[in-house]
Amino acid sequence: MGSEGPSTPITTVHVTGFKKFHGVSENPTETTVNNLTEYMKKKGLPKGLIIGSCSILDTAGQGALVPLYQRLQTAISSKDSESSNSNKIIWLHFGVNSGATRFAIEKQAANEANFRCPDEMGWKPQKVPIVPSDGGISRTRETSFPVVEITQALAKKGYDVMMSDDAGRFVCNYVYYHSLRFAEQNGIKSLFVHVPLFMTINEETQMQFAASLLEVLASIC
């Protein structure tokens, strides 16, 4: 039979950030996600939660999809190989909103690619469905996470944070829509968080916010 797994259900979180893009030469999510594993080693991970991977995606619609789906599929394959069905998987995506002054927990993504500028691979779709088989551009997909509860918990910890129902129509929304679709099909959870630039909220505060967010997610899973 082999050894039995731990009695405490384990939640594995896979985290993504983005590289630079037009108008943002240094993306804070690249720094935060690259440093998150080491930061949490020092701070201590919440009980029952482990970081499965931290990945940086190209800020390009099609360019982000291949590595995104590879990581998504790897996570599912790893879960299927575990003896315990209690293991849960979270996909946590960070993106920057250069005009924002606070953190935003994104409730949903729209099935619309309408890029205000070309992405890092030169693609600039205009009002087209992200997944045509899902229907038109008015279609949305919502996260299964309790966004209001998460937002309130983070606000109580002292962060300037809001709930958002509009993730834009650029690469962040593009990736989130694909992630939510994959999550629904595979029984996992996905969440996207927009952060400001470091000049608006400094790096240390953003690292603390990421750690606090992991604590909140661990408590509600």
Side-chain angles (χ1 to χ4, degrees), residues 14-30 32-33 55-73 75-76 90-148 150-151 161-197 199-200:
H14 298 271
V15 190
T16 71
F18 287 102
K19 298 178 183 178
K20 67 177 182 64
F21 62 98
H22 180 77
V24 178
S25 58
E26 294 183 9
N27 194 321
T29 69
E30 181 173 11
T32 299
V33 174
S55 309
I56 307 301
L57 304 174
D58 286 317
T59 311
Q62 297 294 336
L65 283 192
V66 172
L68 176 70
Y69 271 95
Q70 286 175 340
R71 287 162 177 78
L72 289 169
Q73 198 58 57
I76 293 298
I90 296 173
W91 272 91
L92 177 58
H93 307 285
F94 286 98
V96 65
N97 178 353
S98 59
T101 59
R102 52 184 172 168
F103 301 105
I105 311 299
E106 298 294 348
K107 178 183 179 182
Q108 64 186 19
N111 188 32
E112 180 183 4
N114 188 30
F115 293 4
R116 65 186 184 278
C117 63
D119 66 18
E120 290 301 285
M121 292 182 69
W123 188 41
K124 190 182 179 184
Q126 296 294 292
K127 296 184 178 180
V128 298
I130 294 171
V131 181
S133 61
D134 274 6
I137 60 176
S138 61
R139 169 70 189 272
T140 59
R141 288 182 178 273
E142 288 191 11
T143 180
S144 57
F145 273 113
V147 173
V148 172
I150 292 169
T151 305
V161 58
M162 60 176 279
M163 184 190 79
S164 167
D165 59 8
D166 184 358
R169 296 297 182 270
F170 195 46
V171 179
C172 289
N173 175 77
Y174 190 90
V175 164
Y176 195 22
Y177 189 86
H178 275 282
S179 182
L180 287 170
R181 187 171 186 267
F182 187 94
E184 182 179 317
Q185 292 171 343
N186 290 278
I188 61 177
K189 292 179 178 290
S190 173
L191 186 67
F192 198 104
V193 179
H194 267 118
V195 305
L197 295 170
M199 68 177 66
T200 305

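What's counted below: heavy atoms across the whole structure, side chains too, no hydrogens, waters or symmetry copies. Residue numbers count from 1 along this sequence.
- A pairwise comparison of heavy atoms in Lys20 and Glu30 identifies N-OE1, 4.3 Å as the closest pair.
- A cation-pi geometry, defined here as NZ or CZ lying under 6.0 Å from the six-membered ring centre and within 45° of its normal, holds between Lys189 and Phe145.
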Audit row: His93, Phe18, ring-ring contact (aromatic ring centres under 6.0 Å, His included) steps and yes/no: CA-CA 9 Å; His93 307 285; Phe18 287 102; 8.0 Å; no
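- When all heavy atoms of Asp134 and Arg141 are compared, the pair lying nearest together is OD2-NH2, 3.0 Å.
- Considering only heavy atoms from C-beta on, Gln70 comes within 4.5 Å of Val66 through its side chain.
- Annotation: cation-pi geometry satisfied between Arg116 and Phe170 (NZ/CZ under 6.0 angstrom from ring centroid, within 45° of ring axis).
- Of the possible polar contacts, one joining the Asp119 side chain to the Gly61 backbone as a donor-acceptor pair under 3.5 Å is found.
- Thr143 places a side-chain N or O within 3.5 Å of a backbone atom of Ser190 that can act as its donor or acceptor partner.
- Taking OG1 of Thr29 as the start and CD1 of Ile56 as the end, the distance is 6.0 Å to the nearest 0.5 Å.
- Checking side-chain atoms of Asn111 against main-chain N and O of Ser138 turns up no donor-acceptor pair under 3.5 Å.
- Judged purely by atom type and a 3.5 angstrom limit, Arg181 has no side-chain atom pairing as donor or acceptor with the backbone of Tyr177.
- Between Thr140 and Gln108, some side-chain heavy-atom pair lies under the 4.5 Å cut-off.
- Of all the heavy atoms in Met163 and Val147, the pair that sits closest is CG-CG1, 3.1 Å.
- Below 30°, between 30° and 60°, or above 60°: for Phe192 and Tyr176 the angle between ring planes is between 30° and 60°, a tilted geometry.
- For the pair Ser179 (side chain) and Val175 (backbone), a donor-acceptor distance under 3.5 Å is absent.
- Between Ile188 and Ile90, the closest side-chain pair of non-hydrogen atoms is not below 4.5 Å.
- Interatomic distance, Tyr69 OH to Leu72 CG, rounded to the nearest 0.5 Å: 7.0 Å.
- Side-chain contact between Trp91 and Leu191 is absent, with no heavy-atom pair separated by less than 4.5 Å.
- Under a cut-off of 6.0 angstrom, the local environment of CD in Glu142 is crowded, with over 12 non-hydrogen atoms contributed by other residues, nucleotides or ligands.
- When atom types are taken as modelled, the side chain of Asn173 and the backbone of Ala167 share no donor-acceptor pair closer than 3.5 angstrom.
- Taking 4.5 Å as the limit, some side-chain heavy atom of Leu57 sits within range of a side-chain heavy atom of Pro67.
- Gln62 CD to Tyr174 OH: the interatomic distance, rounded to the nearest 0.5 Å, is 3.5 Å.
- Remark: Met162 CE to His194 NE2 distance equals 11.0 Å, nearest 0.5 Å.
- Glu120 and Thr59 are not linked by any side-chain donor-acceptor pair at a separation below 3.5 angstrom, with hydrogens and angles left out of the test.
- Side chain of Glu112 to main chain of Pro129: no donor-acceptor pair is present (N/O by atom type, distance under 3.5 Å, no hydrogens or angles).
- Looking at Asp58, its side chain never comes within 3.5 Å of a backbone N or O of Ala60 through a donor-acceptor pair.
- Between Lys107 and Asp166 there is no salt bridge, since no side-chain N of the basic residue sits under 4.0 Å from a carboxylate O of the acidic one.
- In this structure, Asn97 contributes its side chain and Pro196 its backbone to no donor-acceptor pair below 3.5 Å.
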Can you list the steps and then say if Leu92 with Val193 is a side-chain contact (heavy atoms from CB on, under 4.5 Å)? CA-CA 8 Å; Leu92 177 58; Val193 179; 4.1 Å; yes
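- Atom CG in Asn114 sits 5.0 Å away from atom CD in Gln126 (nearest 0.5 Å).
- Residues Val195 and Thr32 are not in side-chain contact: their nearest non-hydrogen atoms beyond the backbone lie 4.5 Å or more apart.
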